[in-house]
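Indexing begins at 1, ligand by ligand and atom by atom, following the structure's order. Residue indices begin at 1 and follow the sequence shown.
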Amino acid sequence: MLLSRRFSCALARARAPSLVRGRPLPPCAARTTPPAPSSPPRRLMSSSSAGWQHSSHRPPPPPPPPHPGADKDQLFRGLEAALGTAFSSEPLAPPPQPMILVISGPSGVGKDAVIKRLQEEREGIHFVVTATSRAMRPGEVEGKDYYFVSKEEFLTMIEREELLEYALVYGEYKGIPKQQIRDYMAKGCDIVLRVDIQGAATLRQILGESAVFIFLVAESEEALVKRLIHRKTETSDMLLVRVATAREEVKHMKNFDYVVVNAQGKLEEAVKQVESIIDAEKSKIHKRHVNI
Ligand SMILES: Nc1nc2c(ncn2[C@@H]2O[C@H](COP(=O)(O)OP(=O)(O)O)[C@@H](O)[C@H]2O)c(=O)[nH]1
Ligand SMILES: Nc1ncnc2c1ncn2[C@@H]1O[C@H](COP(=O)(O)OP(=O)(O)O)[C@@H](O)[C@H]1O
């Protein structure tokens with residue numbers, strides 16, 4: 001009642017701006033003595049959710065219908081005056097923070113294909129180019145697919161602690177340069193890391209819950225093997241190792257935050273799902289904080 005009376009007065013003043021402008025609000029509009037609640041505070045949130053607070057303030061009653069002559073601007077200023085403060089145009093949601101996305105999954109599942117499409121679809125994504133001692137494959141580009149270095153150069157990088165994580169993957173060193181992550185996060189970019197399963201496990205130890213871990217799978221084991229054969233990058237011996245490893249790797253899915261199916265011919269759907277995960281993570285109230 002008090003507030004609605006206050007509102008009526010404020011609206012009246014708002015209709016005659018020359019009388020109000022520049023003057024401090026009269027005491028009745030100042031929030032000195034809030035009205036004593038006549039009934040228990042209304043619960044704004046479910047009592048069954050742990051950690052949620054009950055509001056101790058009664059919500060203000062709805063404003064009375066505007067006077068037929070009041071325009072929108074007067075109504076707006078009247079509401080401001082009734083509340084005793086100007087409405088802020090500052091964003092209500094906290095700004096999105098750069099995040100780290102770790103994408104892992106068996107060899108040949110489509111990690112590179114998904115990341116490439118993701119970068120085409122979305123701005124502000126930086127795929128961290130990792131360093132490797134493996135030989136360059138036909139079609140691969142230095143600095144785009146990997147930084148191709150000798151074993152000696154890789155060992156020096158380890159010694160200088162330049163790598164966030166490294167591993168011997170199928171007999172070759174692979175590692176993530178720390179500085180690259182720092183540089184791109186400082187620019188506000190989201191970081192995408194592509195690692196094998198053991199790399200993801202190590203990163204989980206290093207980054208904990210500060211990064212988002214996505215496990216990419218094919219729709220079936222059969223589909224994965226056919227995809228690897230079709231890629232024609234492995235000898236039959238290497239194929240056997242990768243397929244046997246993949247069978248073991250799927251068991252580690254439970255250590256990830258999300259699983260995304262990259263089904264045959266459905267790359268776009270997989271990319272959309274990854275985008276949805278990014279969007280959901282960006283909308284989180286309690287954001288993950290990265291410190292590298
Ligand atoms: N642990 C770790 N794994 C990596 C890194 N860079 C790439 N990998 C992984 O190494 C594995 C083998 O990579 P690659 O030889 O390119 O073969 P592909 O998976 O068959 O394309 C893939 O699962 C990559 O995700 C890294 O820096 N650290
Ligand atoms: N959804 C899909 N449907 C059909 N082929 C795919 C799909 N995703 C990826 N591929 C193909 O499968 C092969 C392996 O993909 P790649 O991205 O190299 O896998 P990874 O990086 O996980 O080893 C490539 O030839 C790629 O073009």
| request: Could you identify which residues cluster with Val241, counting Ile, Leu, Val, Met, Phe, Trp and Tyr as linked when any side-chain heavy atoms lie under 4.5 Å apart, either directly or through a chain of such contacts? | output: Val169, Tyr170, Met238
Cut-off 3.5 Å, side chains only: do [X] and [Y] have a donor facing an acceptor?
| X | Y | answer |
| --- | --- | --- |
| Tyr147 | Glu153 | no |
| His126 | Gln180 | yes |
| Glu172 | Ser133 | yes |
| Gln74 | Arg77 | no |

| remark: Closest to atom 1 (N) of ligand 1 (heavy atoms only, candidates Lys111, Lys174, Glu165) is Glu165
Please could you name the atoms of ligand 1 that [X] approaches to less than 4.0 Å, counting only its heavy atoms?
| X | answer |
| --- | --- |
| Gly175 | 26 (C), 27 (O) |
| Ala167 | 1 (N) |
| Gly199 | 1 (N) |
| Ile176 | 27 (O) |

Taking only Lys NZ, Arg NE, NH1 and NH2, and the carboxylate oxygens of Asp or Glu, determine whether [X] and [Y] approach each other closer than 4.0 Å.
| X | Y | answer |
| --- | --- | --- |
| Lys116 | Asp145 | no |
| Asp112 | Arg194 | yes |
| Glu234 | Arg137 | yes |
| Lys282 | Asp190 | yes |
| Lys284 | Glu281 | yes |

| Can you name the residues that come within less than 4.0 Å of ligand 2, going by heavy atoms only? | Pro106, Ser107, Gly108, Val109, Gly110, Lys111, Asp112, Ala113, Arg227, Arg231, Asn262, Ala263, Gln264, Gly265, Lys266, Leu267
Select one of side chain, backbone, both or neither to describe which atoms of [X] lie under 4.0 Å from any atom of ligand 1, heavy atoms only.
| X | value |
| --- | --- |
| Thr130 | side chain |
| Glu140 | neither |
| Gln198 | neither |
| Val195 | both |
| Tyr146 | side chain |

| query | When rounded to the nearest 0.5 angstrom, what is the spacing between NZ in Lys178 and CE in Met157? | reply | 11.5 Å
| task | Could you tell me the separation between the CG atom of Leu216 and the OG atom of Ser104, rounded to the nearest 0.5 Å? | result | 9.0 Å
| query | Can you name the side-chain hydrogen bond (donor to acceptor under 3.5 Å, both in side chains) partners of Tyr184, sequence neighbours left out? | reply | none
Counting non-hydrogen protein atoms only, what is the nearest one to [atom]? Give residue, atom name and distance.
| atom | answer |
| --- | --- |
| atom 9 (C) of ligand 1 | Asp196 N, 3.5 Å |
| atom 19 (O) of ligand 1 | Ser107 OG, 3.4 Å |
| atom 11 (C) of ligand 1 | Val169 CG1, 3.5 Å |

So is [X] touching ligand 1 or not, going by heavy atoms under 4.0 Å?
| X | value |
| --- | --- |
| Arg242 | yes |
| Gly108 | no |
| Arg231 | yes |

| message | For Glu159, give me all partners under salt bridge (charged side-chain N to carboxylate O under 4.0 Å, His left out), at least two apart in sequence or on another chain. | response | none
| When only distance counts, is Tyr166 in polar contact with ligand 1, meaning an N/O pair under 3.5 Å? | no
| What do you reckon, does Arg134 have a nitrogen or oxygen under 3.5 Å from a nitrogen or oxygen of ligand 1? | yes
| Other residues, nucleotides, ligands: >12 heavy atoms within 6.0 Å of Lys72 NZ | no
